[in-house]
Amino acid sequence: MSKHLVTGSSGYVGSFIVRKLVELGESVICLDLLPPHQKINGDVTNVLGSVLDKELVDSLTEKCDYVHHNAALVPLTKSGKEFRSVNVEGTACLLASSIQNNVKHFCHMSSSAVFGLPKELPLLNSSSRTPCEIYGQSKKDAEDLVLAYIASNPNFSCSIIRPRTILGTERMGIFELLFRWISLGKDIFVIGKSDLPFQFAHIDDIVNASVFSCLKLKKGVYNVGTLEFNSLSEDLSSLIKFAGTKSRIIHLPEKITITGLSLLDNLKLSPFAPWHYLTYHKPFYFDSSYVYKDLDYEPKGSNIKILEQAYKYYIDNKINPNIDSNSPHRSSLKSGIIDFLASMISFFQ
């Protein structure tokens with residue numbers, strides 16, 4: 001039995017990684033500022049603490065064979081300067097400690113936000129990383145630290161996982177708003193035509209990339225997404241058909257909508273962050289086929305199958321959508337102003 005350190009273990013991705021490791025019979029140390037949202041039966045030790053606490057981190061990495069580094073502030077937190085503190089400095093702390101204590105493999109969970117608005121598609125490992133907002137910049141800077149450590153420590157086994165927008169059971173956040181509107185038969189909105197390819201990623205595929213890159217000691221950068229996807233408009237239309245409601249897709253003018261959402265964001269009246277309203281209507285997809293071949297596992301399904309699975313989970317659990325109010329990706333959004341504006345727009349359609 002190997003021992004794994006999972007940082008950000010109470011978050012959406014981290015908690016699924018913990019479950020997978022326990023399922024495989026592995027021993028896990030969980031590190032997070034928050035307690036786990038549910039008890040996991042197995043060889044699991046929960047430690048409350050920060051990835052910025054060097055002494056604590058050192059005491060944990062010296063006990064571990066593998067490190068799954070997921071602790072990060074995500075766009076929904078709108079954390080400003082704190083993005084760099086946690087996402088970059090926390091990564092530096094974990095990296096230095098992992099090398100010092102000779103962990104077998106370090107897996108860093110990054111983000112597709114490092115690419116900003118893609119200049120070429122599909123995105124490859126060689127594609128230019130040009131973030132378009134503060135969160136993406138913090139994740140790129142963290143990646144650069146990891147890449148620099150790899151270059152200066154050629155014997156250091158390390159992988160970087162870049163997920164596309166993650167979907168799966170328990171996924172709420174911005175998707176809770178989408179699912180709620182569809183379930184009520186309300187109109188949903190996209191910016192512009194949203195008629196070009198847009199890729200999601202299944203939570204299980206992200207988890208498997210982290211777990212198997214560690215256990216198989218696979219070095220490299222893995223851009224993880226579904227292999228079957230259409231445009232955002234097409235996949236949302238399919239979801240509405242699956243839901244069987246009278247929702248319509250309303251296409252909002254791009255420039256006016258982005259300006260309005262930016263203003264609401266600056267006034268702290270909108271739950272959406274720049275990463276959402278600057279990119280979610282743009283074509284964005286990886287060539288991910290090499291991931292599943294190299295790490296030897298089967299991807300979970302198409303965009304629409306993942307959307308249907310996540311929507312069904314929402315419907316089955318919508319009596320209590322706040323599965324974990326401490327996790328941005330597991331809780332519903334405070335969307336009062338957005339709900340109001342959406343109702344007004346639909347009224348005049």
Side-chain angles (χ1 to χ4, degrees), residues 1-2 4 6 8-9 11-26 28 40 42 65-70 104-112 115 121-127 157-171 175 197-232 234-236 238-239 242 283-314 316 329:
M1 180 190 296
S2 301
H4 300 250
V6 179
S9 55
Y12 185 61
V13 174
S15 64
F16 273 82
I17 290 176
V18 173
R19 292 181 211 173
K20 178 68 175 183
L21 290 169
V22 169
E23 177 187 315
L24 294 173
E26 301 290 280
V28 185
I40 298 176
D65 301 296
Y66 306 101
V67 173
H68 304 259
H69 178 41
N70 308 281
K104 291 181 180 179
H105 189 92
F106 180 97
C107 181
H108 174 69
M109 190 62 62
S110 187
S111 169
S112 55
F115 290 108
L121 291 167
L123 288 162
L124 309 172
N125 286 337
S126 59
S127 298
S157 186
C158 180
S159 55
I160 295 174
I161 312 298
R162 294 182 186 135
R164 280 298 295 129
T165 299
I166 303 172
L167 272 170
T169 58
E170 300 181 26
R171 182 68 157 94
F175 290 99
F198 189 90
Q199 183 184 41
F200 291 113
H202 195 292
I203 180 62
D204 289 352
D205 290 338
I206 305 305
V207 168
N208 286 336
S210 182
V211 170
F212 294 145
S213 66
C214 280
L215 294 178
K216 296 173 184 289
L217 300 179
K218 288 285 191 176
K219 299 180 182 180
V221 180
Y222 295 100
N223 298 328
V224 185
T226 60
L227 298 184
E228 299 176 41
F229 49 91
N230 301 299
S231 70
L232 188 60
E234 288 176 288
D235 284 333
L236 289 178
S238 295
L239 179 60
F242 172 80
F284 204 130
Y285 59 96
F286 295 143
D287 175 4
S288 297
S289 56
Y290 76 98
V291 175
Y292 306 107
K293 181 178 180 180
D294 194 34
L295 296 180
D296 193 24
Y297 68 96
E298 292 294 323
K300 285 295 182 179
S302 63
N303 267 15
I304 185 56
K305 291 300 181 185
I306 298 171
L307 280 165
E308 289 174 0
Q309 181 188 51
Y311 178 79
K312 185 177 185 305
Y313 182 88
Y314 167 78
D316 292 343
H329 288 157

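Basis for what follows: all heavy atoms, side chains included, without hydrogens, waters or symmetry-related copies.
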Got a second to check how far [X]'s [atom1] is from [Y]'s [atom2], nearest 0.5 Å?
X: Ile203; Y: Ile17; atom1: CD1; atom2: CD1; answer: 7.5 Å
X: Lys305; Y: Ser302; atom1: NZ; atom2: OG; answer: 6.5 Å
X: Leu217; Y: Ser157; atom1: CG; atom2: OG; answer: 4.5 Å
X: Cys158; Y: His69; atom1: SG; atom2: NE2; answer: 10.5 Å

Ring geometry between [Y] and [X] (parallel below 30°, tilted from 30 to 60°, perpendicular above 60°):
X: Phe115; Y: Phe284; answer: perpendicular
X: Phe106; Y: His108; answer: parallel
X: Phe229; Y: Tyr285; answer: tilted

Q) Who passes side chain to side chain contact (heavy atoms under 4.5 Å, CB included) against Ser111, sequence neighbours left out? A) Ala113, Tyr135, Lys139

Q) Taking all non-hydrogen atoms of both residues, which atom of Thr226 and which atom of Tyr292 are closest, and how far apart? A)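 For Thr226 versus Tyr292, the nearest heavy atoms are N-OH, 4.5 Å.
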
Got a donor-acceptor contact below 3.5 angstrom from the [X] side chain to the [Y] backbone?
X: Asn303; Y: Phe198; answer: yes
X: Tyr297; Y: Asp205; answer: yes
X: Ser288; Y: Val291; answer: no
X: Ser112; Y: Pro163; answer: yes
X: Arg164; Y: Gln199; answer: yes
X: Arg171; Y: Ile166; answer: yes

Residues which pass salt bridge (Lys or Arg N to Asp or Glu O under 4.0 Å) with [X], listed by chain and number, not counting sequence neighbours:
X: Lys312; value: Asp316
X: Glu228; value: none
X: Arg162; value: Glu143

Q: Quick one: list whatever passes side-chain hydrogen bond (donor to acceptor under 3.5 Å, both in side chains) with His202, sequence neighbours left out.
A: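 His202 satisfies side-chain hydrogen bond (donor to acceptor under 3.5 Å, both in side chains) with Gln309 only.
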
Q: Only counting residues at least two apart or in another chain, list the ones meeting side-chain hydrogen bond (donor to acceptor under 3.5 Å, both in side chains) with Tyr66.
A: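 Listed in chain order: nothing, the list is empty.
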
Q) Do Asn125 and Asn223 have side-chain atoms, one donor and one acceptor, less than 3.5 Å apart? A) yes

Q | Sole residue of His105, Lys218, Lys219 in side-chain hydrogen bond (donor to acceptor under 3.5 Å, both in side chains) with Ser159 | A | His105

Q. Side chains of Asn70 and Tyr12: does their closest heavy-atom pair fall under 4.5 Å?
A.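 In short, these two side chains do not touch, never coming nearer than 4.5 Å.
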
